[in-house]
Amino acid sequence: MVVIKLYVAITKGVCKSKKRLEGKTIIITGANTGIGKETALDLAMRGGRIILACRDLKKASLAKDDIVEKSGNSNVSIKKLDLASLDSVREFAADVLKNEPKLHILINNAGCAAIEKRRTVDGLENQMQTNHFGHFLLTNLLIGMVGLIEKTHVINVSADLSFLCRNLNLDDLNFAHDSTTGTLLAPLKIYGASKLCNILFSKELSNKLQSLAVTVNSLHPGAVLTEFGRFSIVANIFMRLFAPFLKSPKEGAQTTIYLAVADDVANVTGQYFRDCKIVKPSKLAQDAGIAKKLWEVSETIVQLKPLEKYF
Ligand SMILES: NC(=O)c1ccc[n+]([C@@H]2O[C@H](COP(=O)([O-])OP(=O)(O)OC[C@H]3O[C@@H](n4cnc5c(N)ncnc54)[C@H](OP(=O)(O)O)[C@@H]3O)[C@@H](O)[C@H]2O)c1
């Protein structure tokens, strides 16, 4: 046990940048708890304008009060965003486009590991929509705001469980015809696929934005003791069994914070990070052809309208 703890302590990445963020606007999805909240607190301490994009405004309000109190930065606001609803994503984006003159950092952090396969109000698979389609739509709707004048960063919080996905069926991204349906492993398989999509999406977006001053990267935060297990038996058991070896939320937020502020990665794009270092994602996650096709299929699934298409 001591050896494992020592290993985790030695290998964990820490963001050492002292960069300040006055004048910068930062959106963080799923910022009312866990890794997202710790990221928001750190960036608030650096003086940024922080928008907590959360589905539950009560929880968001409590998180905001805590962040304002601990950081001394009152420039923290909350906006409603339910990634499992395409309408909610459109309403959130319209609000930001109307009321925020600039966006410098977009952190797509929210995520869920579900207990079962479930359809959203849009008829899409819940984990796929929350983790991938919702963020895909959100980023597309906001992309006109970034990179035109100042350097900006899009950061997608993925997971090493993306390695579980060995074959992404682009004809069945909502798992309507999947053979594992009904088994305990089915939700885990979908989670892995959704997190693979985060990496492929980052890669394709970074290609598309090469001519602008935008970096797009994805990351694995580590195994972190958060509320993440609350909707999934498998994740819950894992968290309870391995609690002593897991990172704290503050430790789990380090790679996200690093990508948001560190000068040594200010121009790095299209990469996957773990513990504040570039690492290789799975072979599938490096497949440029699949990344391109995923983009096209996702555009159709989220019903991106001609006026909403930036590319
Ligand atoms: N914890 C880990 O070990 C681990 C490992 C690898 C990757 N990750 C990734 O890290 C990210 C953050 O996870 P965490 O560990 O901090 O988990 P967490 O404590 O459960 O926080 C997840 C956040 O996402 C929000 N969220 C869930 N569904 C949403 C929806 N439909 N619309 C808007 N927000 C939604 C949650 O809001 P509510 O509070 O309202 O539910 C919460 O704010 C996730 O993308 C996860 O996949 C975590």
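Side chains included, hydrogens not; waters and symmetry mates left out as well; all remaining heavy atoms used. Along the sequence shown, the residues carry numbers beginning at 1. One-based numbering, in listed order, for ligands and for the atoms of each.
Those atoms of ligand 1 with a heavy atom of E227 less than 4.0 angstrom away are 19 (O), 20 (O). Below 4.0 Å from some heavy atom of Y191 lie the following atoms of ligand 1, by number and element: 7 (C), 8 (N), 46 (C), 47 (O). Below 4.0 Å from some heavy atom of A159 lie the following atoms of ligand 1, by number and element: 6 (C), 7 (C). Atoms of ligand 1 found under 4.0 Å from any heavy atom of A84 (numbered from 1 in listed order, with element): 31 (N). For ligand 1, the atoms lying closer than 4.0 Å to a non-hydrogen atom of L81 are 32 (N), 33 (C). Those atoms of ligand 1 that come under 4.0 Å of a heavy atom in V157, given as number and element, are 9 (C), 10 (O), 11 (C), 45 (O). For ligand 1 and M239, the ligand atoms under 4.0 Å from any heavy atom of the residue are 1 (N), 3 (O). Residue A223 approaches ligand 1 through these ligand atoms, each under 4.0 Å from one of its heavy atoms: 3 (O).
Contact annotation for S158 and ligand 1: only backbone heavy atoms (N, CA, C, O) come within less than 4.0 Å of the ligand. With a heavy-atom cut-off of 4.0 Å, K59 touches ligand 1 through its side chain alone. Counting heavy atoms closer than 4.0 Å to ligand 1, residue N131 contributes nothing at all. Only the side chain of T130 comes within 4.0 Å of ligand 1, judged by heavy-atom distances.
For atom 43 (O) of ligand 1, the nearest non-hydrogen atom of the protein is N32 OD1, 2.7 Å. Scanning the protein for heavy atoms near atom 31 (N) of ligand 1, the closest one is D82 OD1, 2.9 Å. Shortest contact from atom 40 (O) of ligand 1 to any protein heavy atom: R55 NE, 3.0 Å. If you check which protein heavy atom lies closest to atom 14 (P) of ligand 1, you get T226 OG1, 3.5 Å. For atom 4 (C) of ligand 1, the closest heavy atom belonging to the protein is G222 O, 3.8 Å. Among protein heavy atoms, the minimum distance from atom 16 (O) of ligand 1 is reached at I35 N, 2.9 Å. The single protein non-hydrogen atom nearest to atom 1 (N) of ligand 1 is V224 O, 3.1 Å, given as residue, atom name and distance.
In this structure, a donor-acceptor pair under 3.5 Å is absent between the side chains of S206 and N217. Neither side chain, N198 nor N156, offers a donor N or O lying under 3.5 Å from an acceptor on the other. If you check the side chains of S298 and H132, you find a donor sitting under 3.5 Å from an acceptor. For the residue pair S194 and N131, a side-chain donor N or O sits within less than 3.5 Å of a side-chain acceptor on the partner.
Here the shortest heavy-atom distance to atom 27 (C) of ligand 1, taken over G30, G111, A110, belongs to G111. Comparing T29, N156, T33 by heavy-atom distance to atom 21 (O) of ligand 1, the nearest is T33.
Scanning all heavy atoms of the two residues, the minimum distance from Q129 to L86 falls at NE2-N, 3.5 Å. Between K18 and R46, the shortest heavy-atom distance links the atoms C-NH1, 3.6 Å. Closest approach of L170 to L294, counting heavy atoms only: CD2-CA, 3.8 Å.
For the side chain to side chain contact (heavy atoms under 4.5 Å, CB included) test with L81, the passing option among L52, I27, V89, V96 is V89; the others fail.
With contacts defined as side-chain heavy-atom distances shorter than 4.5 Å, the pair H104/K151 does not qualify.
In summary, the aromatic rings of Y191 and F228 are positioned with their centroids under 6.0 Å apart.
The cationic atom of K79 (NZ for Lys, CZ for Arg) does not lie both less than 6.0 Å from the six-membered ring centre of F92 and within 45° of the ring axis. Annotation: cation-pi geometry not satisfied between K203 and W295 (NZ/CZ under 6.0 angstrom from ring centroid, within 45° of ring axis).
Checking only distances, R230 does come within under 3.5 Å of ligand 1, N or O to N or O.
The residues K292 and E204 are annotated as not salt-bridged, no charged nitrogen and carboxylate oxygen being separated by less than 4.0 angstrom.
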